[in-house]
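In what follows, a structure is listed as structure tokens, so that the remarks can point back to it.
Values in this document were obtained by computation on a predicted structure and should not be read as measured data.
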Amino acid sequence: MAIAVGADPQKVIDANPTAKTFCFAKGLHRISHAIRPGAGSTLGSSEGAVLTGSVPLKGWRAEGGRWVVRDVLPSAYKLKGKCEDEKTNPCQLAEQLFVDGLHLTRVMSLDQLKPGTFFGDYQANAVYVADDPAGKVVEMSRTRTAIEASAQDVTISGLTIEHFASIPQGGALQVGTGWKVLANEVRWNHAVGVMVLQGDRATVSGNTVADNGQLGIGQYRSADVKLTGNLVTRNNTDGFWIADWESGGIKSTRSSGEVSGNDIVANRGIGMWSDIAEYDRKIVGNRIRDNAADGIRYEISYQAVIEQNVVEGNGFGTGRGSGPSLWDGGGINVNTSSDVTVAGNLIKGNRNGIAIQSRTRGDGPRGVYVLNGVVIEANQVVMDDKTASTGVVENKESPAKDGAIRFSRNSYRIGDRAAERFAYRGKTMTWTQWQAAGFDKDSISN
């Protein structure tokens, strides 16, 4: 069943209850309310359809050296989200502005306005820009969600989904139980590009998820999900907290499944983050490079295999809460989690190599969160001049128990063996001291 440009997709779907495949025609489809597909249906395009949540802004007037359009902003809504700028919190506001397809940066007062930025005055219901919009296409993201997880076993394929004003932690594309999301481009949405929400057995594969305001892909309370072969890049364009609030590449919570074969590159946050009661998690064969915070963080969770990943150049982002210590993470960071195996990875040139953290974090659904059963083996760890260290840090109230962490059969390139490139029990150590402390006795260093 064809969906023409200008048609309301939901009306086409509702008018054809027995149809299972809906094909969007080539062109720009402006989506004014979330599409709710039926069970077992397919929404797709083989012709390059673009679903946009933006509306054109017209009627600009010059005012005091600036240009303004009025009565285009939505009514006040509840704000949430932690921003890098925690004083003015620009990331909490969902509407974005695009001029000839280029994303403008939000400023939070009229006196900060300059070329390439915009100011939304929600009290006065006015939007200001510094550049003359004459002859240009100016669009504002307005619709919250492109497609909702309204039914099971839906396939989404071949679509471009852009310019949706998704609320922090909300996705432009919601993914439900048994869904298949294949070969789409999801870009320039305010919060999360693709959000697997209570979507057991979903597959998200072969997509480009780029330049979203908060996070590329999210997963919440979803078991046995496969996130495979995606390019996840340049996410967190709207200023969410880089070091510690769901910004960057992929984040999963209270879920399980496989994250494999992805390129997770140059996101302004953590590359791949499992946080809170994750279990039976496999993070395998990914290329995780140049993300501003940790390459991989596995935090207050259970039972994971992290293997055969290339983790390179992560952790050099600046911002509040970031720094060089092992508390700030590393190429791979295991934080107060149990039964985690980190094996066969190349961990090269990150802010820290491998950071193991033991903290007091309370109880979870599978028992107390504790650092235990962590095996670090057969990895190649390259700590160049920019890399601080590899090792273990602990809260005084939660020291790592003897035998809780095992480093074995790893290979290290550390330059000078006399350099203190390792840490344990609050002390920095040389390679010889690290081995004397009981770690890496069967490992090698250059």
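Note: Y128 and F118 fail the aromatic proximity criterion, with ring centroids not under 6.0 Å apart. Residues F164 and H190 keep their aromatic ring centres 6.0 Å or farther apart. Here the two rings, on F407 and W434, have centers that are under 6.0 Å apart.
Of the charged side-chain nitrogens involved, none lies within less than 4.0 Å of a carboxylate oxygen, so that R320 and E84 do not count as a salt-bridged pair. Between E278 and K251 there is no salt bridge, since no side-chain N of the basic residue sits under 4.0 Å from a carboxylate O of the acidic one.
Of the possible polar contacts, none joining the N309 side chain to the V311 backbone as a donor-acceptor pair under 3.5 Å is found. Side chain of Q174 to main chain of G171: no donor-acceptor pair is present (N/O by atom type, distance under 3.5 Å, no hydrogens or angles). In this structure, N314 contributes its side chain and N291 its backbone to a donor-acceptor pair below 3.5 Å. Remark: the backbone N or O of S256 is not paired with any side-chain donor or acceptor of D280 at under 3.5 angstrom.
Every residue meeting the salt bridge (Lys or Arg N to Asp or Glu O under 4.0 Å) condition with D211, not counting sequence neighbours, appears here in chain and number order: R234.
Residues in residues 164-175 take part in no salt bridge (charged side-chain N to carboxylate O under 4.0 Å, His left out) pair, two or more places apart or across chains. Counting only residues at least two apart or on different chains, the salt bridge (charged side-chain N to carboxylate O under 4.0 Å, His left out) pairs with a member in residues 337-364 are E299-R361.
Side-chain contact check for S408 and D442: at least one donor-acceptor pair (N or O, by modelled atom type) lies under 3.5 Å. Remark: the D238 side chain and the Q96 side chain contain an N/O donor-acceptor pair separated by less than 3.5 Å. Side chains of N395 and S398: no donor on one and acceptor on the other come within 3.5 Å. Side chains of S260 and E258: a donor-acceptor N/O pair is present below 3.5 angstrom, by distance only. Donor-acceptor pairing under 3.5 Å is recorded for the side chains of S252 and R281. Side-chain contact, Y122 with E95: a donor N or O sits under 3.5 Å from an acceptor N or O.
Surrounding CZ of R413 are at most 12 heavy atoms belonging to other residues, nucleotides or ligands under 6.0 Å away. Counting heavy atoms of neighbouring residues, nucleotides and ligands inside a 6.0 Å radius, atom NZ of K226 does not exceed 12 of them.
Ring planes of W431 and F422: tilted class, angle from 30 to 60°. Between F439 and Y424, the ring planes lie perpendicular to each other; the angle is over 60°, past the 30° to 60° tilted range.
Note that CG of N212 and CG of L173 are 10.5 Å apart. Values are rounded to the nearest 0.5 Å.
Smallest separation of non-hydrogen atoms from K80 and Q169: NZ-OE1, 3.2 Å.
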